[in-house]
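Reading through the structure tokens given below for one structure.
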Amino acid sequence: MSKESRAGQITVAWTKTRYNAALALLERPSVLGYLLMLPAAFVIFLFVAYPFAWGVWMSLTNKQIGMPWSQVKFTGLQNYVDLVMNDGVFWTTAWNSFVYTGIATVIKWILGIWLAVLLNRMVRFQRTVRAAVLLPWIVPTVLSTIAFLWIFDPDFSVINWTIRRFYSWMGWGYVKGPLWLGDPTLALASVTFVNIWRGTPFYAISFLAGLQTINPDLYEAAAIDGASGWQRFWYVTLPGIKPITVVVLVFSIIVTFADFQIVYVLTRGGPANSTHLFATYAYQVAMVGSRLGLGAAVSLFMFPILALMIIYQLIYLRREQA
Amino acid sequence: MTQLQVGESFAKRLVAYHLPLFFFVLFALFPFYWMFVTSIKSTHETYNRDVNPYVPVTCVAAIAEQARSLNFNGSALAENCLYHWRTLLRDTLFIRWLENTLLVAIVSTLISLFAGITSAYALARLRFRGADTFGVLIFVTYLVPPTLLFIPLSDVIGDLPFLHKNLLNSPWALIVAYPTFLIPFCTWLLTGYFRTIPKELEEAAMIDGATRIQAMVRIILPLALPGLLSAGMFAFTLSANEFLYALIFIYDAPNKTVPVGVVSELIKGDVFYWGELMSGALLGSVPVALIYSFFVEHYVAGMTGAIKG
């Protein structure tokens, strides 16, 4: 055996030991755990945590699109003060966000439970009907909202055509029909309607999953005790789906409060900036109006509510697990 | 409450059950019917307030005429019914947008699945310091809506410190942005799924001499295939549906994705190409809808699993 190949064997043996040592290290849960978390942690740090901090900083400056760095100045809380003190649209936006979220959430909740109970009672065609009622939630929101834009069209709205036909059929004369997206209140109602249309299936399908975990014996026991249908719904069904209700509500409130697409497509915040939500107003200020710092401040106004919902969710889940 | 009650009269069932269900289905499906009808109408019909808008008159007449004369004429049908569909596919960038959407969705889904699998496995199986904190961090990230971050994120992606290259206006801007919500989603779904697989299977493999990584790749991943598949499908549809980042990060028409392309390029100032808009909206929705309806059971199972877990 030549010297070289012996040396080679020793090196191979050495590399092997090193390799085995590395492998042994990977067997330790602490080492492997951190290693496996690394890709997710990297993305979250670089594209979530860092942008969040960057956004907070931006909101404290006068940064604008295309502004040279030498002119970017730290302005402290000026943007926030400007929004709260001198910006009427901002207050409309804040009001709209709460109204939109509140009304849409309550209606989606009621419709969702109702639809879930109906679906749960279903014997035939359950899969088909379930797929059909799920569609609004599944398809890309902007694409279905385009259909609503045409349904709410000022001149060719199918709703108004139907109202007109109905009036003349009843002999009540000519009626033009409302401008669905032209009046501030009606426009906000229309936007809320589309949100309800899109979100109800999510509630229903989640509640349906919750209903299916309820022990049928409970209904039987309640029936034997003489509980009416409503009582059974109130004392068995609702408590039975409570865990999933909390999760669904928190999730839905976050998504609705931070909604962008429906308003963007239907009204762009109009007429006369009356239907903005925080997200669309932030977009308008930052991307259309180029004032990045001010826009970042607008979107950060969502943060306290979102943080509150997230913390509540965490505490609730922890308590459930314990 | 849950079962059909015996002895309920037909009238009661009609009012309490059939009618509400009928209206729910109508409510859910009407906008899709409306897209379809508008997409096969002639422009003249679309803007005529005197004809019944519920029926695509010209198209129906053409079909009836051919059925009566038993003389099939494809080009006449195309002219009367599929005019806007042809325009959409031939004269707009729709196919390009579809390609972009596919590229972005597939690549960001693969990235997110990889990172989701590794972190979900760590969270479900390994005990290490900080694991709980990581779990909470991922859950919080899952709940952070894109609308909170889009302004600074466009800055960050436009000026990545280690790339010295502007990713904006290219599919890569979306491919790096989408994992921010896809990874937490996949991790969340898969952690629940991994926990349902008995630990003993891995432990047996490791006693037989497999390393932990081998046990994970050879034993756990094949067993978790249904979970991986549904996480991948949902991640795919989530990225195909995404709107805000795609609206802000991409400027040029040929680089857009389907939702942004349809909304921004088929509306020119005050001119709405309704037929093309509606056919584009339908065509953009169909693939996503198909995928979802196959996997919705998994989604619900995953969600309830994660809540219980």
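Proteins get letters first, then strands, A, B, ... in listed order; numbering begins at 1 in each. All values reported here derive from a predicted model rather than from experimental measurement. Atoms considered below: every heavy atom in the structure, side chains included; atoms not considered: hydrogens, waters and symmetry mates.
Between F47(A) and Y178(B), the distance from one ring center to the other does not fall under 6.0 angstrom.
Residue T46(B) touches chain A through both its backbone and its side chain, counting heavy-atom pairs closer than 4.5 Å. Proximity to chain B (any heavy atom under 4.5 Å) is shown, for L149(A), by both the backbone and the side chain. Within the 4.5 angstrom heavy-atom criterion, no atom of D132(B) approaches chain A. Contact of V288(B) with chain A is made through backbone and side chain together, with heavy-atom distances under 4.5 Å. For I111(B), no part sits under 4.5 Å from any heavy atom of chain A, backbone or side chain. Residue N52(B) touches chain A through both its backbone and its side chain, counting heavy-atom pairs closer than 4.5 Å. Contacts between D153(A) and chain B at a heavy-atom distance below 4.5 Å involve the side chain alone, from C-beta outward. For a residue to count as touching a neighbouring chain, one of its non-hydrogen atoms must lie under 4.5 Å from one of that chain's; by this rule R198(A) does not touch chain B. Within the 4.5 angstrom heavy-atom criterion, only side-chain atoms of R165(A), from C-beta onward, approach chain B. Using a 4.5 Å cut-off between heavy atoms, V260(B) does not touch chain A at all. For I44(A), the part lying under 4.5 angstrom from a heavy atom of chain B is the side chain only. For F301(A), no part lies under 4.5 angstrom from a heavy atom of chain B. Proximity to chain A is limited to the side chain of S154(B), based on heavy atoms less than 4.5 angstrom apart. Looking at I311(A), neither its backbone nor its side chain comes within 4.5 Å of chain B, counting heavy atoms on both sides. Contact of V51(B) with chain A is made through the backbone alone, with heavy-atom distances under 4.5 Å. Looking at L118(A), both its backbone and its side chain come within 4.5 Å of chain B, counting heavy atoms on both sides. When heavy atoms are compared at a cutoff of 4.5 Å, V48(A) approaches chain B by way of both its backbone and its side chain. Interface remark: I183(B) contributes side-chain atoms only to the contact with chain A (heavy atom separation under 4.5 Å). Interface remark: F278(A) contributes no atoms to any contact with chain B (heavy atom separation under 4.5 Å). Looking at R127(B), the atoms closer than 4.5 Å to chain A (heavy atoms on both sides) all sit in the backbone: N, CA, C or O. Heavy-atom distances place the side chain of A131(A), and not its backbone, under 4.5 Å from chain B. Residue T180(B) touches chain A through both its backbone and its side chain, counting heavy-atom pairs closer than 4.5 Å. With a 4.5 Å cut-off on non-hydrogen atoms, A131(B) does not touch chain A at all. Interface residue F52(A): backbone and side-chain heavy atoms are both found under 4.5 Å from chain B. Looking at L238(B), there are no atoms closer than 4.5 Å to chain A (heavy atoms on both sides), in backbone or side chain.
Scanning all heavy atoms of the two residues, the minimum distance from T147(B) to A279(A) falls at CG2-CB, 3.4 Å. Scanning all heavy atoms of the two residues, the minimum distance from P39(A) to T118(B) falls at CG-OG1, 4.0 Å. Closest of all the heavy-atom pairs between N48(B) and F156(A) is N-CE2, 4.3 Å.
Other residues, nucleotides and ligands contribute more than 12 heavy atoms inside 6.0 Å of the CZ atom of F30(B). The environment of R212(B) atom CZ is dense: over 12 non-hydrogen atoms of other residues, nucleotides or ligands sit within 6.0 angstrom. Counting heavy-atom neighbours within 6.0 Å of W57(A) CH2, excluding the residue itself, gives a total above 12. For F45(A), the CZ atom counts as loosely surrounded, since its 6.0 Å shell holds 12 or fewer non-hydrogen atoms of other residues, nucleotides or ligands.
In this structure, W161(A) and Y54(B) have perpendicular ring planes: the angle between them is above 60°, well past the 30° mark. Using the six-membered ring where Trp is involved, Y47(B) and W150(A) have ring planes that are perpendicular, over 60° apart on the 30 and 60° scheme. Using cut-offs of 30° and 60° on the angle between ring planes, the pair F27(B) and F193(A) is perpendicular.
Between chain B and the options V129(A), T200(A), L111(A), V31(A), heavy-atom pairs under 4.5 Å are most frequent for L111(A). Here P140(A) is the residue among P140(A), S30(A), S59(A) with the most heavy-atom pairs under 4.5 Å with chain B.
Looking at heavy atoms from C-beta onward, L21(B) lies in side-chain contact with L115(A) at the 4.5 angstrom threshold.
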